[in-house]
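First listed ligand is number 1; within each ligand, the first listed atom is number 1.
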Amino acid sequence: MLAGKRILLIIGGGIAAYKALDLIRRIKERGAAVTPVLTRAGTEFVTPLSVAALAGAKVHTDLFDLTDEASMGHIALSRVADLIVVAPATADLMAKMAQGRADDLASTLLLATDTRVLIAPAMNVRMWTHPATLRNLATLTGDGVLTIGPNEGDMACGEFGPGRMAEPPEIIAAIEAALADGPLRGKHVLVTSGPTQEPIDPVRYIANRSSGAQGTAIAQALAALGARVTFITGPASVPPPDGVTVVPVQTAQEMLAAVTAALPADAAIFAAAVADWRVQNASDHKIKKTAANAPPVLRFAENPDILATVAKGTPRPRLVVGFAAETDDVIAQATQKRARKGCDWIVANDVRPETGIMGGTDNAVTLITESGTESWPRMGKDAVARKLAARIAGALT
Ligand code: C5P
């Protein structure tokens, strides 16, 4: 899948830089060419000689290249690739990218490029969870930068948590997804997935049983057909797919804001199980149980209907697909829902507990479109996703 592709690999300065050597080997094994760029800090962790030997290509570093415009200017260097991969992407590199700074070769290339960028963040857990890094990540994903990882685990600094760079095979999968040639190449599709969590107080919330499995499979299937996918997910129990832009949210209101920010899109698939209500009188402090107190009374406010807002708003994606998880009169309810929400298609399913669909691996859906209903046999959620992605590709091309 990578044969003949050109990857510009920017290696930042972090202990995870050693994994970049393995990554180069794996990219080369798949028939792609690697143009390596080492940041000044990167040279503290891996040597230009080892990078050049594995890549079989000249290494670009600040030392040589800022004065080396004649051989390959930084603008040209930033444009020759099919994909720019930043691995490891340090907190500092992410901050520079988010701010649009250009004070060294790597950041200059990243600002000068119109090629897609995939980052594999790697840093100490506290740096990763710092509000500044989270702000930078949100800016970058909003700019269309793809991310892979980081993973959770033991860190070189002795701490435990998210911040470890994704493993080279995971980065390869993300590269393959980003470069997938397919009928949806050049199309932007957004997918909502997972449950939402609506706070009652700082420690309690209202949620639902959605695992996010079907939405995740759909996002993966769309990316495999070449789509640029923005995946807006509530706190799901399955990990997000590789090679898509992941926007994590918690509440329905955050999900609506993220969806609106991600528009325009060619298609939007609303697989999330959004809470219909939020707690209007949510407390800023943990609600205490005291002998004198009666149990708290929760007042609910209706959440925005994200699907209906997008289906009836502008810019409207050409194809808007909703889901209808029902326990009774599935097809009749879903047909009405299609009209009420203003979407093009509804994917309906029966979520009575005895079907084992909610939280399970299989799904049995009925696709409801303008031209009628079509019941698909029970199959794995991955197979449903591939079939739906193929139908979406048919509708958009
Ligand atoms: O009305 P109901 O929740 O059954 O509709 C389900 C569909 O609407 C799903 O596609 C779901 O993602 C979407 N939805 C939404 N925002 C809401 C409620 C549902 O986008 N607040």
- At the 4.0 Å heavy-atom cut-off, does P304 count as touching ligand 1?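 Right, P304 reaches ligand 1.
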- Query: Any heavy atom of M255 sitting closer than 4.0 Å to ligand 1?
  - Reply: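 Per 4.0 Å heavy-atom rule, M255 does not contact ligand 1.
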- Is there a donor-acceptor contact under 3.5 Å from the side chain of R338 to the main chain of A334?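 The answer is no, because no donor-acceptor pair under 3.5 Å joins these two groups.
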Counting only nitrogen or oxygen atoms and a 3.5 angstrom limit, does [X] reach ligand 1?
X: N303; value: no
X: A272; value: yes
X: R340; value: no
X: I306; value: yes
X: L307; value: yes

- Task: Go through the steps to decide whether D362 and R378 satisfy the test salt bridge (Lys or Arg N to Asp or Glu O under 4.0 Å), and finish with yes or no.
- Result: CA-CA 7 Å; D362 278 2; R378 189 174 174 125; 3.4 Å; yes
Tell me, which protein residue and heavy-atom name are nearest [atom], and how many Å apart are they?
atom: atom 1 (O) of ligand 1; answer: K341 NZ, 2.9 Å
atom: atom 3 (O) of ligand 1; answer: D276 OD1, 3.9 Å
atom: atom 7 (C) of ligand 1; answer: F323 O, 2.9 Å

Write down the atom of [X], the atom of [Y], and the distance for their closest heavy-atom approach.
X: E198; Y: W277; value: CG-O, 3.6 Å
X: I171; Y: A166; value: CD1-O, 3.5 Å
X: S193; Y: G215; value: OG-CA, 3.4 Å

At a 4.0 Å threshold, what atoms of ligand 1 neighbour a non-hydrogen atom of [X]?
X: K337; result: 1 (O), 2 (P), 4 (O), 5 (O)
X: F270; result: 9 (C), 10 (O), 11 (C), 12 (O)
X: G322; result: 10 (O)

- Take E167 and N151 through the test side-chain hydrogen bond (donor to acceptor under 3.5 Å, both in side chains) and record every step on the way to the result. CA-CA 8 Å; E167 295 304 320; N151 295 341; 5.0 Å; no
- Message: Could you check whether R25 pairs with D22 (Lys NZ or Arg NE/NH1/NH2 to Asp/Glu carboxylate O, under 4.0 Å)?
- Response: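 Here R25 pairs with D22 in a salt bridge, since their nearest N and O are under 4.0 Å apart.
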- Task: State plainly whether one hydrophobic cluster holds both I269 and M379, where clusters connect Ile, Leu, Val, Met, Phe, Trp and Tyr through side-chain heavy atoms under 4.5 angstrom apart.
- Result: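 Looking at the clustering, M379 is in the same group as I269.
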- Are L93 and V145 co-members of a hydrophobic cluster defined by side-chain heavy atoms under 4.5 Å apart?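 Yes; tracing contacts between hydrophobic side chains, which count when under 4.5 Å, links both residues.
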